[in-house]
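These numbers were taken from a predicted model, which means no experiment stands behind them. Letters A, B, ... mirror the listed sequences (proteins, then strands); counts begin at 1.
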There are 2 protein chains.
Amino acid sequence: MLKQETLSKNQRIVLDFIEKVNEPIKAYSILHNVQKKGIKAPLQVYRALDKLVEIGKIHKIESRNAFVACKNSNCQISKATAFSICESCEEVSEISDSKLSKYLKNFQDKAGMKFNKYNLEFFGLCKKCSIK
Amino acid sequence: MLKQETLSKNQRIVLDFIEKVNEPIKAYSILHNVQKKGIKAPLQVYRALDKLVEIGKIHKIESRNAFVACKNSNCQISKATAFSICESCEEVSEISDSKLSKYLKNFQDKAGMKFNKYNLEFFGLCKKCSIK
DNA sequence: TTACACAATGTTATATTATAACAATTAACA
DNA sequence: TGTTAATTGTTATAATATAACATTGTGTAA
Ligand SMILES: [Zn+2]
Ligand SMILES: [Zn+2]
Ligand SMILES: [Zn+2]
Ligand SMILES: [Zn+2]
């Protein structure tokens with residue numbers, strides 16, 4: 001079987017919702033919002049999320065246990081992700097900076113470990129929250 | 001009241017254990033292991049963990065929901081952390097690389113956000129697991 | 001087209017991680 | 001000593017995530 005090109009029904013429902021809200025959202029919040037579409041159980045959501053993460057359509061914000069649609073040409077299938085997170089209003093944006101991603105992709109640690117993926121989360125105050 | 005210099009009883013118990021195991025460990029695993037010391041409830045562990053993270057004695061590995069002792073002069077009180085994680089054996093090590101930390105501390109995103117903290121997790125295969 | 005393999009679904013139950021709420025005790029300090 | 005904040009103890013519960021198993025759908029090739 002070749003790599004799937006089209007999303008399954010549940011994957012489509014979950015992705016459509018995540019793309020619509022356009023900000024990080026939690027699994028159970030997704031569940032509550034797609035129950036009208038026929039998705040009834042957490043597992044149905046988590047299975048769709050797993051697949052969507054795997055194919056790079058969404059990312060997990062690990063420090064927040066939340067999921068967000070990829071804004072960045074699918075981030076080489078989810079292997080290189082960077083986010084900025086406002087600790088005041090919880091606004092999250094995906095960082096798209098070729099210099100940064102090049103630097104990190106080429107980073108070599110002293111133990112000689114071979115990396116195939118990274119996730120970077122910056123925390124601070126967004127412009128709006130800085131003013132206050 | 002000045003900033004506390006000594007750890008409280010529960011904080012000491014939890015930190016001693018985390019330093020002893022010397023690898024990432026989960027909150028409930030800590031709980032099971034320190035019950036003989038009189039810590040009986042999850043909250044007692046989580047409260048100690050919160051404080052220890054805050055003062056930079058330990059870090060949370062967000063992608064694993066696990067905690068590990070800091071190896072790196074307390075990482076400027078936990079504001080700049082980087083780890084390498086083997087996806088096969090789950091070995092985690094803290095990265096201490098002054099070039100990397102300098103690069104990330106000075107990173108400026110396009111939205112002009114003011115960062116005060118970051119966390120970076122690299123994933124891949126450690127040397128041992130690469131051979132297999 | 002039929003048989004196979006694998007992906008996806010549906011469903012119930014349960015595991016794991018983390019916090020709320022409130023009372024009591026301890027530690028720092030003016 | 002009186003005051004304040006930090007810490008503790010305790011019970012209950014919230015929030016996040018997976019196990020297990022039966023069933024159905026889909027792409028592939030003989
Ligand atoms: Zn992306
Ligand atoms: Zn903000
Ligand atoms: Zn550290
Ligand atoms: Zn390994």
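In this structure, Leu125(A) stands alone, with no Ile, Leu, Val, Met, Phe, Trp or Tyr side-chain heavy atom under 4.5 Å from its own, directly or through other members.
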Using a cutoff of under 3.5 Å, can you pull out all pairs of nitrogen or oxygen atoms linking the protein to nucleotides 16-22 of chain D, with atom names and distances?
residue, atom, partner, partner atom, Å
dT16(D), OP1, Lys26(A), NZ, 2.4
dA17(D), OP1, Lys60(A), NZ, 2.7
dA17(D), OP1, Asn65(A), OD1, 3.4
dA17(D), OP2, Tyr46(A), OH, 3.0
dA17(D), N7, Tyr28(A), OH, 2.9
dA17(D), N6, Tyr28(A), OH, 3.2

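Distances shown here put a side-chain N or O of Lys51(B) below 4.0 Å from the OP1 or OP2 atom of dT7(D). In this structure, Lys9(A) does not reach the dT9(C) phosphate: none of its side-chain N or O atoms is under 4.0 Å from OP1 or OP2. Between Ser8(B) and the phosphate of dA27(C), there is no side-chain N or O to OP1/OP2 separation shorter than 4.0 Å.
One atom, CG of Leu31(B), and another, P of dT16(C), lie 13 Å apart when rounded to the nearest Å. Leu7(A) places its CG atom 16 Å from the C1' atom of dG25(D), with the value rounded to the nearest Å. In this entry the distance linking CG of Leu49(A) with C1' of dA15(D) reads 15 Å, nearest Å. Distance, Gln35(B) CD to dG9(D) P: 13 Å, rounded to whole Å. To the nearest angstrom, C1' of dA7(C) lies 9 Å from CD of Gln11(A). Between the C1' atom of dA18(C) and the CD1 atom of Ile30(B) lies a distance of 13 Å, rounded to the nearest Å. Remark: P of dA8(C) and CD1 of Ile13(A) are 14 Å apart, rounded to the nearest angstrom. One can place CD1 of Ile25(B) at 14 Å from P of dT16(C), the figure rounded to the nearest angstrom.
Remark: Asp16(B) engages Arg12(B) in a salt bridge (charged side-chain N to carboxylate O under 4.0 Å, His left out) (not counting sequence neighbours). Considering only residues two or more places apart in sequence or on other chains, Ser63(A) meets the side chain to side chain contact (heavy atoms under 4.5 Å, CB included) condition with Ile61(A), Ile85(A), Glu121(A), Phe123(A), Glu62(B). By the side-chain hydrogen bond (donor to acceptor under 3.5 Å, both in side chains) test, Asn106(B) is found to be paired with no residue, residues two or more places apart in sequence or in another chain being considered.
Using five terminal pairs a side, the axes of the helix from dT1(C)-dA30(D) to dA30(C)-dT1(D) at its two ends make an angle of 40°, given in steps of 10 degrees.
Sorted by first and then second residue, the pairs that involve residues 93-115 of chain B and meet ring-ring contact (aromatic ring centres under 6.0 Å, His included), not counting sequence neighbours, are Tyr103(A)-Tyr103(B), Phe122(A)-Phe107(B), Phe122(A)-Phe115(B). Within the structure, every pair that satisfies the salt bridge (charged side-chain N to carboxylate O under 4.0 Å, His left out) test and touches residues 93-117 of chain B, not counting sequence neighbours, is listed here: Glu87(A)-Lys117(B).
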List, one per line, each side-chain donor-acceptor pair under 3.5 Å for residues 25-42 of chain B, sequence neighbours excluded.
residue, atom, partner, partner atom, Å
Lys26(B), NZ, Arg64(B), O, 3.2
His32(B), ND1, Tyr28(B), O, 3.0
Asn33(B), ND2, Ser29(B), O, 2.7

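Comparing dT11(D), dT9(C), dT8(D) by their closest approach to the side chain of Gln44(A) singles out dT9(C).
For the pair Lys57(A)/Gln11(A), no side-chain contact is recorded, criterion being any heavy-atom separation below 4.5 Å from C-beta on. The shortest distance between side-chain heavy atoms of Leu100(A) and Leu104(B) falls below 4.5 Å.
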